[in-house]
Engineer: 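Let me give you the structure first, and then I'll get to my questions.
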Amino acid sequence: MIQVTLPDGSVKSFAGPVTLGGVAAAIGQGLARAALAGTVDGQLVDLDHPLEADALVTIVTANSEAGLKIIRHSTSHLMAQAVKELFPTVQVTIGPAVDNGFYYDFAFERPFTPDDLAAIEARMQEISLRALPVQRERMDRAEAIAFFQAQGEFFKAEIIADLPADQAISLYRQGTFVDLCRGPHVPNTSCLKAFKLLSVAGAYWRGDARNRQLQRVYGTAWPDKKALDAYLRQLEEAEKRDHRRLGRELDLFSLHEEAGGGLVFWHPMGARVRQVIETYWKKVHVEAGYELLFTPHIANLDLWRTSGHLDFYQDSMFSPMMVDEQPYQIRPMNCPFHILIYNTHLHSHRDFPLRWAELGTVYRYEMSGVLHGLFRVRGFTQDDAHVFCREDQIEAEILGILDLTLATLKAFGFSQFEVNLSTRPTKSVGSDAIWEKATAALKQAIVLRELPFVEDVGGGAFYGPKIDVKITDTIGRKWQCSTIQLDFNLPERFDIYYIGENGGRKRPIMIHRALLGSLERFFGILIEHYAGYFPVWLAPVQAVVLTITDDQNDWAVTVRDRLRARGLRVEADTRSQKVGYKIREHTLKKVPWLLIVGDQEKREGAVSPRDCSGKTYGTVPVEQFMDRLLEETNQH
RNA sequence: GCCGACGUAGCUCAAUUGGCAGAGCAACGGAUUUGUAAUCCGUAGGUUCGGGGUUCGAUUCCCCGCGUCGGCUCCA
């Protein structure tokens, strides 16, 4: 007699050994049909897994995360089978489930073409219809290695050889296709019916650029056609908010082949947004007790030799240029400059904290293949700052920085945060005492602000612990912008000090921090977050006055100028076009407010506002509208 | 950097086996005076990414370079 306990606490009894599939069937026909796999005492297993003792059992269907993952993983096997059938000389390697889909890496003598992908997908459909049972088998290690070698699957054999000696080797067989896999898998290829192959790309064997490059085929898989279609629509939506497309459509910025990759040109409309961001940034920094600095874009390479950046980052620095027979470096970092300023004075313990911020443009050589719109560039402006303080001030400074960070990110429309706390790595500088104290201060700040955080043990930089803040955008993607890093290294290297209470020299603590990270990248994130619909305070054009006929041109210009006189960003469209045409055009430019003026509005000293969703608000006196727009603008 | 795909007017895209490089939108000129998402007519617009090669002839085929796009961490 076997007693099976179900998630709802109920218990089913079976006379003899039973599989999970049998348990599902005993619960109900519907569940038996939907069942993909199950868990036994928390362990994910196949549906044909036999139960020989009492256990806590759940049945996994496509409705759960685990079920979706199984579908995706099994679909990757389905793809591998289709590829092997079509191209017998292909060697299979690995094929896991990933977010929204799966991939499989293949070794093949020629690249896959888009036509190949279509053929593979068609073959996958066909194999799905064959309704092949997917069965788990066991082999001992030597046998498994020999088995895959005999089939010419040398990558598989290598994977097994690298598995721990005591680990059981399991294989999955579907028809003639056998793959090494831990599982579990769906019971039958007919469970896989909604998938699409998306792209093919190079990927290194075991992720190492020194190894052979394989071909990775990406696909997506879902429980049914409806979910698949919904996902494909979502991909289209994401494409519509792509900052590269919106950057062109809204005339915000451009990149130029003639100039070189990864170098950003801010157009007037984009520059307006940047101005608003910078003005706000400067305001909150001054309020938070920062001084604003300006430093050069180029300087003697020795500075980065002293800082140690050259040793670590030479590969991602632009080559120096010779000036008066000295090597000069376009700056990849701002910190040495702030230290030079620090060193122009002798400092007292009473001077601290010193909070110095700079919107510092830096240039880093990024490999050509990684450049991507505003997200990955070769020249960008960090919203950098360095805080110099005493050890006893660390905690208060960290808390202050964290508060400034959260307030700033909230102002730009982000409200969901996630924090990483990275602690001391094995290779590092600084005393145990200072690491402990600094790490505790970072943690304390996170806990005080009740932020969810993950501790990345040993993930800190060699020079100090750090916290990184991630934001979540409208469509759920996470972005790391902010970073707060303690540095026990640079003060040492540049030998900076202050005079302590007892008259002796002491080392100050240095904190590096950035809130937005890079203005370019942050702008890209904002564009995608808002899908181009900037809130009024950020919008490059906050309102456009539209005339019905030429008779209102004078009034339109008057309204525009009155709003402009209050600092609002307003245009007047007096072209002899039908108002519907003008509305369409400015709506496509995502202008928050359109102010229609006809004879009535002109007579009454009014405007008829229309927001970008198409909602209208009747006729409103111009002063009233202006107050409202000003209020919305000045919230930040 | 590596793998693959792509590069034609400002934008989105056409162009048969290698045979005069086109359309829509945008721009410009004119007409129109319009009430909440496209008024009509006309004009102009090109080193087909750059360089080389094959050919009577190259947007098309080949080579090199540049750029763009998708990838290159996530346990078989």
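Just so we're on the same page: letters track the sequence lines, and every chain starts at 1.
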Engineer: Ignoring backbone atoms, establish whether A:Arg244 has a side-chain N or O less than 4.0 Å from OP1 or OP2 of B:G70.
Structural biologist: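 Checking B:G70 against A:Arg244, a side-chain N or O does come within under 4.0 Å of OP1 or OP2.
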Engineer: Hey, could you give me each pair passing side chain to side chain donor-acceptor pair (under 3.5 Å) that has a residue in residues 309-320 of chain A? Not counting sequence neighbours.
Structural biologist: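 Only A:Ser307-A:His309 qualify under side chain to side chain donor-acceptor pair (under 3.5 Å).
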Engineer: What is the pairing partner of B:U73, taking Watson-Crick or G-U wobble pairs with both distances under 3.5 Å in any strand?
Structural biologist: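 Partner of B:U73: none.
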Engineer: Is a donor-acceptor contact shorter than 3.5 angstrom present between the side chain of A:Tyr365 and the base of B:G1?
Structural biologist: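 When only heavy-atom distances are counted, A:Tyr365 does not reach the base of B:G1 through any donor-acceptor pair under 3.5 Å.
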Engineer: Whole-Å distance between B:U34 C1' and A:Asn553 CG?
Structural biologist: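 About 13 Å, once rounded to whole Å.
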Engineer: Between A:Gly207 and A:Ser613, name the one whose nearest nucleotide on RNA chain B is closer to the 5' end.
Structural biologist: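 Nearest nucleotide further toward 5': that of A:Ser613.
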Engineer: Within a strict 4.5 Å, meaning less than it, do heavy atoms of the A:Pro184 and A:Val45 side chains meet?
Structural biologist: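 A:Pro184 vs A:Val45: side chains apart.
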Engineer: Using the C1' atom as the reference point in each nucleotide, state the distance between B:U33 and B:G67 in Å, no decimals.
Structural biologist: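 So the two C1' atoms sit 47 Å from each other.
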Engineer: Verify the contact: side-chain N or O of A:His372 to OP1 or OP2 of B:G70, cut-off strictly under 4.0 Å; return yes or no.
Structural biologist: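 So the side chain of A:His372 is within the cut-off, an N or O lying under 4.0 Å from OP1 or OP2 of B:G70.
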Engineer: Picking from B:U36, B:G71, B:C75, which would you name as closest to the side chain of A:Gln213?
Structural biologist: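 Nearest to the side-chain atoms of A:Gln213, counting from C-beta on, is B:G71.
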Engineer: Please determine which of A:Arg477, A:Arg241, A:Arg245 meets the salt bridge (Lys or Arg N to Asp or Glu O under 4.0 Å) test together with A:Glu528.
Structural biologist: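 Of the listed options, the one satisfying the test is A:Arg477.
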Engineer: Grab the N/O contacts between the protein and nucleotides 62-64 of chain B below 3.5 Å, and write none if there aren't any.
Structural biologist:
none

Engineer: How long is the straight-line distance from CZ of A:Phe375 back to CH2 of A:Trp479, given to the nearest 0.5 Å?
Structural biologist: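 The CH2 atom of A:Trp479 sits 3.5 Å away from the CZ atom of A:Phe375.
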Engineer: Could you list, one pair per line, each protein nitrogen or oxygen that sits under 3.5 Å from a nitrogen or oxygen of nucleotides 24-31 of chain B, together with the distance?
Structural biologist:
none

Engineer: Starting at atom CZ of A:Arg378, determine the distance to atom P of B:U68, rounded to an integer number of angstrom.
Structural biologist: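 Atom CZ in A:Arg378 sits about 8 Å away from atom P in B:U68.
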Engineer: Provide the Watson-Crick or G-U wobble partner of B:G24, both distances under 3.5 Å; none if there is no partner.
Structural biologist: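 The answer is B:C11, by the H-bond criterion.
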Engineer: Which nucleotide, in any strand shown, forms a Watson-Crick or G-U wobble pair with B:G57, with both distances under 3.5 Å?
Structural biologist: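 Paired with B:G57, as far as the under-3.5 Å criterion goes, is no nucleotide at all.
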